[in-house]
Amino acid sequence: MKKIMSICVLSGFLSGLSPASMTAATLSGEAIFNRNCSVCHSVAPPPKSAPPIIPLSNRYHLQFHTKKEGVNHIVAYLKAPSKAKAVDPQAITRFGLMPPLRLPDAELSAVAEWVWDQYNPNMGMGRGMGQGMGRKW
């Protein structure tokens with residue numbers, strides 16, 4: 001097993017794709033999410049054991065005006081989650097505080113950009129996602 005792992009690491013270095021040389025642009029945030037985050041987070045409701053990504057992305061879009069600000073905040077949160085840094089403190093009350101992600105900065109940036117890009121203005125408006133448009137039946 002060690003021999004196979006060594007060969008994989010060596011081939012990555014030889015192909016120029018060492019973790020140190022990777023950037024968020026060359027990494028797939030979705031693949032990183034699927035590998036590291038999807039165990040707890042669903043993309044859309046209903047939730048698994050953590051908040052779904054689309055409503056979280058919507059909260060980031062409400063709180064931060066630029067992608068750069070939002071992504072930087074997501075990365076900082078993933079490195080050291082805290083209730084004070086949460087965009088949805090109620091989610092922590094409901095699901096608990098997530099553990100820090102021990103991933104390289106490039107991977108954290110890639111997954112944070114992917115999370116930011118999951119924004120859907122039709123989601124996150126509460127039960128029914130606004131489909132009733134305030135009508136009383």
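Below, each value reflects all heavy atoms present in this structure, side chains not excepted, and no hydrogens, waters or symmetry copies.
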Query raised in the report: Quick one: are E69 and N72 in side-chain contact, heavy atoms under 4.5 Å?
Result: no

**Report entry** Qualifying ring-ring contact (aromatic ring centres under 6.0 Å, His included) pairs with a residue from residues 72-91, counting only residues at least two apart or across chains
**Finding:** Y60-H73, F64-H73

I'd like a table of donor-acceptor pairs (distance under 3.5 Å, sequence neighbours excluded) in which one partner is a side-chain atom from residues 40-49, with atom names and distances.
unit_1, atom_1, unit_2, atom_2, d
H41, ND1, P51, O, 2.5
S42, OG, A44, O, 2.8
S42, OG, P46, O, 2.9
K48, NZ, S38, O, 2.5

Requested in this report: Measure the CG-CG distance between N58 and D88 for me, rounded to the nearest 0.5 Å.
Outcome: 11.5 Å

**Report entry** Flag side-chain contact, heavy atom, 4.5 Å: M98 against L78
**Finding:** yes

**Report entry** Positive for side-chain contact (heavy atoms from CB on, under 4.5 Å) with I74, one of V115, V111, L56, L108
**Finding:** V115

Query raised in the report: Are side-chain heavy atoms of K83 and T93 found at a separation under 4.5 Å?
Result: yes

Query raised in the report: Got a second to check how far F33's CZ is from E107's CD, nearest 0.5 Å?
Result: 14.5 Å

Requested in this report: First locate atom CD1 of I54, then atom CG of N120, and finally report the distance between them rounded to the nearest 0.5 Å.
Outcome: 5.5 Å

Query raised in the report: With sequence neighbours excluded, what pairs up with K67 under the salt bridge (Lys or Arg N to Asp or Glu O under 4.0 Å) test?
Result: D117

Query - Contact check, side chains of P100 and P81, non-hydrogen atoms, under 4.5 Å - result: yes

Requested in this report: Looking only at non-hydrogen atoms, find the nearest pair between I92 and S82 and report the distance.
Outcome: CD1-O, 4.1 Å

Query - Within 6.0 Å of NZ in K79, more than 12 heavy atoms from elsewhere - result: no

**Report entry** From CG (L27) to CD (E113), nearest 0.5 Å
**Finding:** 9.5 Å

Query - Whether H61 side chain and Y119 backbone form a donor-acceptor pair below 3.5 Å - result: no

Report summary line: Heavy-atom nearest pair, V71 first then S109, reads CG1-O, 4.2 Å

Query raised in the report: Looking at R35 and E30, does any basic side-chain N land under 4.0 Å from a carboxylate oxygen?
Result: no

